[in-house]
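Order of listing sets the numbers, starting from 1, for every ligand and every atom in it. Just the heavy atoms: all of them, side chains too, but no hydrogens, waters or symmetry mates, feed the values below.
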Amino acid sequence: MTPVSTFAGKRVALFGLGGSGLATARALVAGGAEVAAWDDGESSRSKASDVPLVDLSSADWSHFAALVLSPGVPLTHPKPHWTAERAKSAGAEIIGDIELFARERAARAPNAPLVAITGTNGKSTTTALIAHILSEAGREVALGGNIGVPVLDLPPPALERIHVIECSSFQIDLAPSLRASVGLLINLTPDHLDRHGTMENYAAIKERLVAASDTAIVGLDDEYCRAIAARLKGAGRHVVGVSQAASDAADIYVDDHRICVRGSAEWLVDLRIAHALRGAHNGQNAAFAFAAARALGVEVNAISQSLKSFPGLAHRMEPVARRGRVLFVNDSKATNADAAEKALLSFQDIFWILGGKAKEGGIEPLRYLFPRVRKAYLIGAATENFAATLRGSVAFERCGTLDKAVAAAARDAAASEAAEPVVLLSPACASYDQFANFEARGDAFRALVRGL
Ligand code: ADP
């Protein structure tokens, strides 16, 4: 744990007692803050027996120095949460756990290495990959943030330890003083616009992470990131431009499955030996991890070996089982069309399970991949929205729930003539309408497949 000492002796309101909220409350208490923690959910409160609970709706807000908000709670859109309104009226600052960590680092070890990773897609893969490369190179690594362990549950920042932290846009929005040694912005496509209002606002929040980093590693494959890279270069910042395709503008790029560095005559890493990093999108992730590891002084050969030994992450195009000719793939992490596109591009003869809480634009951008889909199995709130897009192009079935969808897709895939039919859970939707999170959805899929 990293005890938060910067609020010692001060009163702090904390709202949202999920995994990271609970860790934050404990870290504040350990550092000597007087915490008043709350959550609307009875079950979340019941898990927080070691944390001082105060009903914030009837509390006196005049003495709170800060409101620490869980990243899942709306700060601005669709409208500010009532705790955010109360904090604003009381003049209390509103921050999150990454901000508390950043302040602790500034106070205790300002030069402690910190790698912060953001982007619309590929964050977790790139974060895990960087951590893997660094640990294989013998460095002490603390991996967490938006992936796995909440940042304040990690050991404290220290010169000999590299923190590798995944940051969501919500966390960056609540972390105004985050300054990483190495900051990564992989890509930007529309996502979470219900929580950020506009694409411009969403992009501006993500830009903050790299704008405040000593070394900014920025993607050049979409117009928002290109503009950000140009702005930072214009401001004289140290920027490393990364592209997933051969490019004169990039410092590091992928050309025909090989990572290349501008100015170097030879390619440096052959990605075809990296079995858990298939697809152009993973080339982008690998190039970013390469750039970050180089910035931290890891040798090229060591990076190359580690890319090869990277085991991959659960819920991201994870092969779950084979039943006869049928392959079952869990891509529950694909919570938007852009991510689902990567999975659809990777297979033929797809029996596609999708649906949940739809994102802006739905699955219309995936229309060009519909010829690969033998049949679609719709679940959750997005059913009618997706049915309207699929109608006339792809056969589909309204399944309602995941268990019915898995049974129907497995049945049809087994009966198909294809050489390798693939039952693919790649929902192109958030999971919140039916599951606690994408992990719960993927675990349910795995269990249902095993049950067949
Ligand atoms: P994040 O943490 O940003 O959500 P993940 O690494 O967990 O990203 O990958 C989630 C899904 O997004 C993957 O299953 C894949 O379909 C897709 N994806 C991964 N990397 C990229 C990328 N660089 N560009 C676009 N899509 C990607």
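Atoms of ligand 1 lying under 4.0 Å from any heavy atom of Glu166, numbered from 1 in the order shown and given with element: 2 (O). Atoms of ligand 1 lying under 4.0 Å from at least one heavy atom of Asn187, given by number and element, are 22 (C), 23 (N), 24 (N).
Below 3.5 Å of separation, one finds no N or O of Ala334 facing any N or O of ligand 1. Taking only nitrogen or oxygen atoms, main chain and side chain alike, Ala340 does not reach within less than 3.5 Å of ligand 1. Inclusion of Asn282 in the set of residues having an N or O under 3.5 Å from an N or O of ligand 1 is not warranted.
The closest approach between a heavy atom of Thr120 and any atom of ligand 1 is below 4.0 Å.
Counting protein heavy atoms only, atom 20 (N) of ligand 1 is closest to Asn285 ND2, 2.9 Å. Regarding atom 14 (O) of ligand 1, its nearest protein heavy-atom neighbour is Asp331 OD1, 2.8 Å. Scanning the protein heavy atoms around atom 8 (O) of ligand 1, the nearest turns out to be Gly122 N, 2.8 Å. The single protein non-hydrogen atom nearest to atom 25 (C) of ligand 1 is Lys342 CE, 3.2 Å, given as residue, atom name and distance. Nearest non-hydrogen protein atom to atom 11 (C) of ligand 1 is Ala339 CB, 3.8 Å.
No side-chain N or O of Asp222 forms a donor-acceptor pair with one of Asn187 less than 3.5 Å apart. A donor and an acceptor atom, one from each side chain of Ser393 and Arg367, are located under 3.5 Å apart. Ser332 and His315 share no side-chain donor-acceptor pair at under 3.5 Å. Side-chain N/O atoms of Thr189 and Tyr224 include no donor and acceptor closer than 3.5 Å.
Shown are Leu17, Val4, Leu152, Asp153; of these, the side chain to side chain contact (heavy atoms under 4.5 Å, CB included) with Thr24 is made only by Leu152.
With distances taken over non-hydrogen atoms, the option nearest atom 5 (P) of ligand 1 out of Met317, His315, Arg316, Gln284 is Arg316. With Gln244, His281, Lys123, Lys333 as candidates, the residue nearest to atom 18 (N) of ligand 1 on a non-hydrogen basis is His281.
Panel note: side chain Lys206, backbone Tyr202; no donor-acceptor pair is recorded below 3.5 Å. With hydrogens and angles disregarded, no donor-acceptor distance shorter than 3.5 Å links the side chain of Ser304 to the backbone of Val300. Looking at Asp221, its side chain does come within 3.5 Å of a backbone N or O of Gln244 through a donor-acceptor pair.
Partners of Phe101 under the ring-ring contact (aromatic ring centres under 6.0 Å, His included) rule, at least two apart in sequence or in another chain, are His163.
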